[in-house]
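Read the structure below first, then the notes.
Just so you know, these numbers use all the heavy atoms, side chains as well, and skip hydrogens, waters and symmetry mates.
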Amino acid sequence: MRIAGRIPTFAAIDLTRSDVDDESFAFLKPLRDVQDIRVQGRPLTNSSMLIVRRWNGLRSASFHGTEIDDAGVAHLAGCEQLTELSLRSTRLTDRSVETLVSLKQLERLDVTNCRLSRKAIKQLTEALPKCKVETRDPWHVEAE
């Protein structure tokens, strides 16, 4: 991870099988032009999202099973190029709906195993009609 900070541009970063945490993620701070970031099952928290929000060209982000919550998601509000976002199994709640609906360019949003109510899911699907909102929660039934 230390060498990554010396290289200014990365199009894609896949940390799904790494030991990344907030301390090591901080080495990515100097990077620009990151378009795709993937992190899975790591103890990444909201502080790492302060780095992610600087990547204006970010198009795809996946934070499966991280410790990110509503405050961390709020940092994504300025990511105007973001078309795919996976927050599966994070600490996301209904408080993130306002931030998520501001991401009008989203085409895919995965909020499976999050703490979103039926009302929040409905708000997301109505506010983002071009976005496929994935929940895979047993209580959620797609409108026909």
- Can you find a heavy atom in the side chain of Thr93 that is under 4.5 Å from one in the side chain of Asp69? no

- Evaluate whether atom CZ of Arg95 has more than 12 neighbouring non-hydrogen atoms of other residues, nucleotides or ligands under 6.0 angstrom away. no

- Using modelled atom types only, decide if a donor and an acceptor are shared between the side chain of Thr83 and the backbone of Arg59 within a distance under 3.5 Å. yes

- Message: Go through it in stages, so that I can follow the logic: the residues are Thr112 and Ser89, the test is side chain to side chain contact (heavy atoms under 4.5 Å, CB included), and I'd like the CA-CA distance, side-chain angles, deciding distance and then a yes or no.
- Response: CA-CA 6 Å; Thr112 301; Ser89 301; 5.9 Å; no

- Query: Any chance the side chains of Arg38 and Ser60 put a donor and an acceptor closer than 3.5 Å?
  - Reply: yes

- Message: Quick one, Leu85 with Leu106, criterion side chain to side chain contact (heavy atoms under 4.5 Å, CB included). Give me CA distance, side-chain angles, the key distance, then yes/no.
- Response: CA-CA 7 Å; Leu85 177 60; Leu106 278 180; 4.0 Å; yes

- Look at the side chain of Asp21 and the backbone N and O of Leu44, then say whether any donor-acceptor pair between them is shorter than 3.5 Å. no

- Message: Val111 vs Val133, test: side chain to side chain contact (heavy atoms under 4.5 Å, CB included). Steps then yes/no.
- Response: CA-CA 7 Å; Val111 290; Val133 179; 4.1 Å; yes

- Supply the atom-to-atom distance Leu28 CG to Ile37 CD1, rounded to the nearest 0.5 angstrom. 6.0 Å

- Message: Measuring from atom CD of Glu23 to atom OG of Ser47, what distance do you get when rounded to the nearest 0.5 angstrom?
- Response: 10.5 Å

- Message: I need the minimum non-hydrogen distance between Asp36 and Leu58, along with the two atoms involved.
- Response: N-CD1, 3.9 Å

- Should the heavy atoms of other residues, nucleotides or ligands under 6.0 Å from CD of Gln105 be counted, would the total exceed 12? yes

- Rounding to 0.5 Å, atoms OG1 (Thr99) and CG (Asp70) come to a distance of 8.0 Å

- Message: Check this for me, if you would: do Arg108 and Glu134 make a salt bridge, where the nitrogen-to-carboxylate-oxygen distance has to be below 4.0 angstrom?
- Response: yes

- Task: Output the distance between atom SG (Cys131) and atom CD (Glu84), rounded to the nearest 0.5 Å.
- Result: 9.5 Å

- Kindly compute the distance separating CD (Glu126) from NZ (Lys122), expressed to the nearest 0.5 Å. 5.0 Å

- Of all heavy-atom pairs between Asp94 and Ala120, which one has the smallest distance, and what is that distance? OD1-CB, 3.2 Å

- Message: Strictly distance-based, threshold 3.5 Å: is any side-chain N or O of Ser86 a donor or acceptor partner for the main-chain N or O of Ser62?
- Response: no

- Message: Looking at every heavy atom in both Ala26 and Ile51, which two are closest together, and how far apart are they?
- Response: CA-CD1, 3.6 Å

- Heavy-atom closest contact (Asp110 atom, Arg88 atom, distance): OD2-NH2, 2.8 Å

- Hey, does the side chain of Ser96 reach the backbone of Leu92 with a donor-acceptor pair shorter than 3.5 angstrom? no

- Query: Hey, does Leu31 have a side-chain heavy atom less than 4.5 Å from the side chain of Arg54?
  - Reply: no

- Message: Using side chain to side chain contact (heavy atoms under 4.5 Å, CB included), reason through Trp55 and Asp33 one step at a time and then give a plain yes or no.
- Response: CA-CA 6 Å; Trp55 298 333; Asp33 301 325; over 6 Å; no

- Query: So do the side chains of Leu87 and Thr66 get within less than 4.5 Å of each other, counting heavy atoms only?
  - Reply: no

- Output yes when Glu107 and Lys132 qualify as a salt bridge under the 4.0 Å nitrogen-oxygen rule, no when they do not. no

- Drop me the distance from Thr16's OG1 to Ile13's CD1, to the nearest 0.5 angstrom. 12.5 Å

Could you pull out every donor-acceptor pair under 3.5 Å between side chains of residues 71-82 and any protein atom, sequence neighbours left out?
unit_1: His75; atom_1: ND1; unit_2: Arg53; atom_2: NH1; d: 3.3

- Message: Less than 4.5 Å apart, side chain to side chain, heavy atoms only: is that true for Met49 and Ile68?
- Response: yes

- Message: Within the 4.5 Å heavy-atom criterion, are Leu109 and Leu100 side-chain neighbours or not?
- Response: yes

- Task: Provide the closest heavy-atom pair for Ala61 versus Phe63 in the form atom of the first, atom of the second, distance.
- Result: CB-CE1, 3.6 Å

